[in-house]
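Just so we're on the same page: letters track the sequence lines, and every chain starts at 1.
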Protein chains: 4
Amino acid sequence: MASVKPAAGKPRKTPKGAARQPTPKPTRDPERTRARILDAAKAEFAAHGLGGARVDRIAANADANKRMLYYYFGNKDDLFLAVLEGAYAHIRDAEKELRLTEIDPPEAIRRLVAFTWEYYLEHPEFMNLLNSANLHQGRHLKKSAKVRTMHSPFVAMIEEVLERGRKSGVFRAGVDPVQLYISIAALTYFYLGNKFTLSEIFGRDLLSPRAKAERLGHMGELVLGFLFKH
Amino acid sequence: MASVKPAAGKPRKTPKGAARQPTPKPTRDPERTRARILDAAKAEFAAHGLGGARVDRIAANADANKRMLYYYFGNKDDLFLAVLEGAYAHIRDAEKELRLTEIDPPEAIRRLVAFTWEYYLEHPEFMNLLNSANLHQGRHLKKSAKVRTMHSPFVAMIEEVLERGRKSGVFRAGVDPVQLYISIAALTYFYLGNKFTLSEIFGRDLLSPRAKAERLGHMGELVLGFLFKH
Amino acid sequence: MASVKPAAGKPRKTPKGAARQPTPKPTRDPERTRARILDAAKAEFAAHGLGGARVDRIAANADANKRMLYYYFGNKDDLFLAVLEGAYAHIRDAEKELRLTEIDPPEAIRRLVAFTWEYYLEHPEFMNLLNSANLHQGRHLKKSAKVRTMHSPFVAMIEEVLERGRKSGVFRAGVDPVQLYISIAALTYFYLGNKFTLSEIFGRDLLSPRAKAERLGHMGELVLGFLFKH
Amino acid sequence: MASVKPAAGKPRKTPKGAARQPTPKPTRDPERTRARILDAAKAEFAAHGLGGARVDRIAANADANKRMLYYYFGNKDDLFLAVLEGAYAHIRDAEKELRLTEIDPPEAIRRLVAFTWEYYLEHPEFMNLLNSANLHQGRHLKKSAKVRTMHSPFVAMIEEVLERGRKSGVFRAGVDPVQLYISIAALTYFYLGNKFTLSEIFGRDLLSPRAKAERLGHMGELVLGFLFKH
DNA sequence: AATGAATGAGCGTTCATTCAT
DNA sequence: CATGAATGAACGCTCATTCAT
């Protein structure tokens, strides 16, 4: 036997006989390495939960040494927090683009519902991350100074829409923007996050184009049917 | 290490018609042993998720030998399925008690919302079990013949209520009972299941008596505000 | 839940709804039970070795309760010894049938070689049992009073044949019958007992009809080529 | 880069009689670690068979962490294969030293018989390894590309000796070198591999100097008595 | 004679993490 | 900045055996 290698290592990137190799993976680029680890960790945590996630798999999928993971993030829990913060930052960034204050209130609510639906549809990993965070009783988030400050602008935006709608006489009064925001997220989250059990129980394909259109329609009617002053 | 958590294991009584049993753990009572394991497993899976659950802890809390767990349930996954089936059976049993078909439609919906709210409030473990089941893409439920047959009665009950309300002119037409059922569950599930992250994000205590009353009120208004024909 | 059954038991012999069953397994027949256990044990030890044999599998294949195994045989090692004794008794019985003293010496040797070949061919389990016994340094046999008295009748028989052959001038003198007996057994044992490694190494099918005929021919020539006085 | 030859090239760190050793276990020496595990595994598999071998004992005797065993070899079965390949490589290397083609045919055969006898006498573990490999129906070897190619040179060497002997008129014609090689190995293998059961049955000490000399003499006479053309 | 229930010890394997270079 | 080697503790699971009936 020629060289001593662990039995189940990843395949060598450079063929043994080659004279020179052009380093296909940009070594010594700390930012890229860090980002690759973070991406791989997000996928792993989303796919298996915090308890089921494997540090080895994260390192392998990041094409990084396992040690680097600890170098950059400390430990598994802190890495999870970093992933969580990144996920929150991402959705908050996307929400900022909505500019609801510039639109007609009913249309703004419709847009908010549609945005929430589409965001979770395109980022199912976010739901799994939140589930893991809650399974662990939020202890990760408690260590984060960042996350708490990211939300007030969005709540204020919804509040402004509700107030405009009320003033113009189309919306009912006394609606708590936080409750409304939670409800809108809830209607999507439960449907998509529990798609496997729900589809098993109801014997329906919940993700067919038709089913998705129906769900989005139902959610819009539900929220606006409630908000409209008749 | 050898300590037994008094959380979920012991306080079962013996209704079998036998005289009295002074020994806290009745040996040679397979039904009780099985039940103790199932209870301990439910608590463990709910507290730590499927991946984070520890077979040793389940056995210890069930005051049983680890081997018995495999004797009765085969393996960890099948035990999880048994827990899941038990949890579904429990909520379905509770739902049957509602007898919505005997009540005035708006009151029936109010009762349904309140029931759902209270059930999840009193059985937070159910949400974690469902999250685990979905994290694993529903593969456990797919092996279960039981669960799929347990649901149609409840959907039919909601359908009957909606239809009665529509006929009497108070409810709007064209509401899918499955969508409505999912939405009612969603409004509770997301709020309670994500209580840790939500409370961290919004800086609110979501479980204070006042907050709970507000949430229940909001949910009722939301659903009925949508259903009522104006 | 109605009845408590282990998860992975053997299939019930009587369908649940059946009214009467005719007891297909003769219960309360100790000799049969003992024999079934012994047979199952022989197969298990031969297939997996002593270390790899599983008491559960033996009981299951014997269609007996595991406890019976201990009731009749004490423990796994003693059961192995019983199997071993049975195997020795069996080959000794077969050897007695040969009656070599009544045949012409060269033909007697030919018959002995053929018998040995065929016996191991038809009872491959015997080789595996002996290998296990030797792996454990013969400690099982040392506890056996039986086996030591079962001396192969062959040795005396072979001695007589050799002596007759020598006197008639066809066989060479000075051949130790024990050495010859061991050699004849060896020529078969190694070929058949190592059939997997040998066929892998030499890239030959050692058990094709042709290969078997060639081996038997070679062994006869080898032994007689040595014995014949030229 | 030095190559890793298991079992053959590894210098013992501490001779048994030595007084003191300076660095008992050289850390961070992967080649040595790997070799220590391989050695310990060979001893364990030989002593207890594949089924009876204990991974813990291998690690302990290798003075290595159990995890390293999996790091280098994947799992127990693959480790067994590595041991098996090493054992085959070792005997084949030793056989190459024989240089039978340079010697007079009868003397070459005598040397081959004596070598085989002595090799198994000095390496009794090899027989147990082969027994385990065959007990598992050769499935380990089937995964090995190496072993199959190691044997043709040796068979060719025997063939050359037989052919030279035949041409010079001392050996009979028509002897299959593979059959002969198997027979020579068999005569030793059965005697030594079954020494415990045989000595128990025949009431002889098979390993006394006198018994060993007699066996070697008998084997030589048997093989040459067959080969010689009279 | 026969059985289902129960057990402690130990199985092969994998975990998150750290060391030495 | 990056890596292969190493670790102790635990993982899910199974072992031969015994208990109570």
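- Contacts of B/Ala59 with the nucleic acid, taken as non-hydrogen atoms under 4.0 Å apart, are absent.
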* Test B/Ile58 against B/Leu79 for side chain to side chain contact (heavy atoms under 4.5 Å, CB included), laying out the working first. => CA-CA 11 Å; B/Ile58 293 173; B/Leu79 175 57; 4.2 Å; yes
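- Although no hydrogens or angles enter the test, the distance criterion places no donor-acceptor pair under 3.5 Å between the side chain of C/Glu44 and the main chain of C/Val55.
- A close approach under 4.0 Å does not occur between any side-chain nitrogen or oxygen of A/Thr33 and OP1 or OP2 of F/dC1.
- In this structure, of F/dA2, E/dC11, F/dG12, it is F/dA2 that holds the atom nearest to the side chain of A/Met68.
- Nucleotide F/dG12 has E/dC11 as its partner under the Watson-Crick or G-U criteria, with both atom distances under 3.5 Å.
- Between the CD atom of D/Glu31 and the C1' atom of F/dA6 there is a distance of 16 Å, rounded to whole Å.
- Between the CG atom of C/Asp78 and the P atom of F/dA16 there is a distance of 15 Å, rounded to whole Å.
- Taking every heavy atom of both residues into account, B/Phe73 and B/Ile37 meet most closely at CE1-CG2, 3.7 Å.
- Of the candidates E/dT18, E/dG8, F/dG12, the closest approach to any side-chain atom of B/Arg54 belongs to F/dG12.
- Here E/dT13 presents its P atom at 14 Å from CZ of D/Phe73, a figure rounded to the nearest Å.
- The closest donor-acceptor contact from the side chain of D/Lys76 to the backbone of D/Ala53 lies under 3.5 Å.
- In terms of polar N and O atoms assigned as donor or acceptor, the side chain of C/Lys66 comes within less than 3.5 Å of the base of F/dT17 in a complementary pairing.
- Applying the 4.0 Å criterion to OP1 and OP2 of E/dC19, one finds that A/Tyr70 has every side-chain N and O outside that range.
- Of all nucleotides present, only E/dA2 satisfies the Watson-Crick or G-U wobble test against F/dT21, with each distance under 3.5 Å.
- Whole-Å rounding puts the A/Arg67 CZ to E/dT21 P distance at 15 Å.
- In this structure, CD1 of A/Ile37 is placed 13 Å from C1' of F/dT3, rounded to the nearest angstrom.
- Following rounding to the nearest Å, D/Asp56 (CG) and F/dA10 (C1') show an atom-to-atom distance of 13 Å.
- Rounded to an integer number of Å, the gap from CD1 of D/Ile58 to P of E/dC11 is 11 Å.
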* To do: Please test A/Lys66 against A/Asp56 for salt bridge (Lys or Arg N to Asp or Glu O under 4.0 Å), starting from the C-alpha separation and ending with a verdict.
  => CA-CA 7 Å; A/Lys66 215 174 6 167; A/Asp56 280 271; 3.3 Å; yes
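- Checking F/dA5, E/dT13, E/dC19 against every side-chain atom of D/Lys76, the shortest atom distance belongs to E/dT13.
- Within the 4.0 Å cut-off from OP1 or OP2 of E/dA2, at least one side-chain nitrogen or oxygen of C/Tyr72 is found.
- When the nucleotides F/dC15, F/dA5, E/dT13 are ranked by their closest atom to the side chain of D/Asn75, E/dT13 comes out on top.
- For the pairing with D/His140, the side chain to side chain contact (heavy atoms under 4.5 Å, CB included) check across D/Leu50, D/Leu129, D/Asp78 returns one residue only, D/Leu50.
- For E/dG8, the base has a donor-acceptor partner in the side chain of B/Asn65 [N/O atoms by modelled type, under 3.5 angstrom].
- For the pair B/His48 NE2 and F/dC11 P, the interatomic distance rounds to 11 Å; values are reported in whole Å.
- Among the atoms of the strands shown, base atoms are found under 4.0 Å from some heavy atom of D/Val55.
- Comparing B/Gly52 and C/Gly51 by the nucleotide of DNA chain F that holds the closest heavy atom to each, the one mapping nearer the 5' end is B/Gly52.
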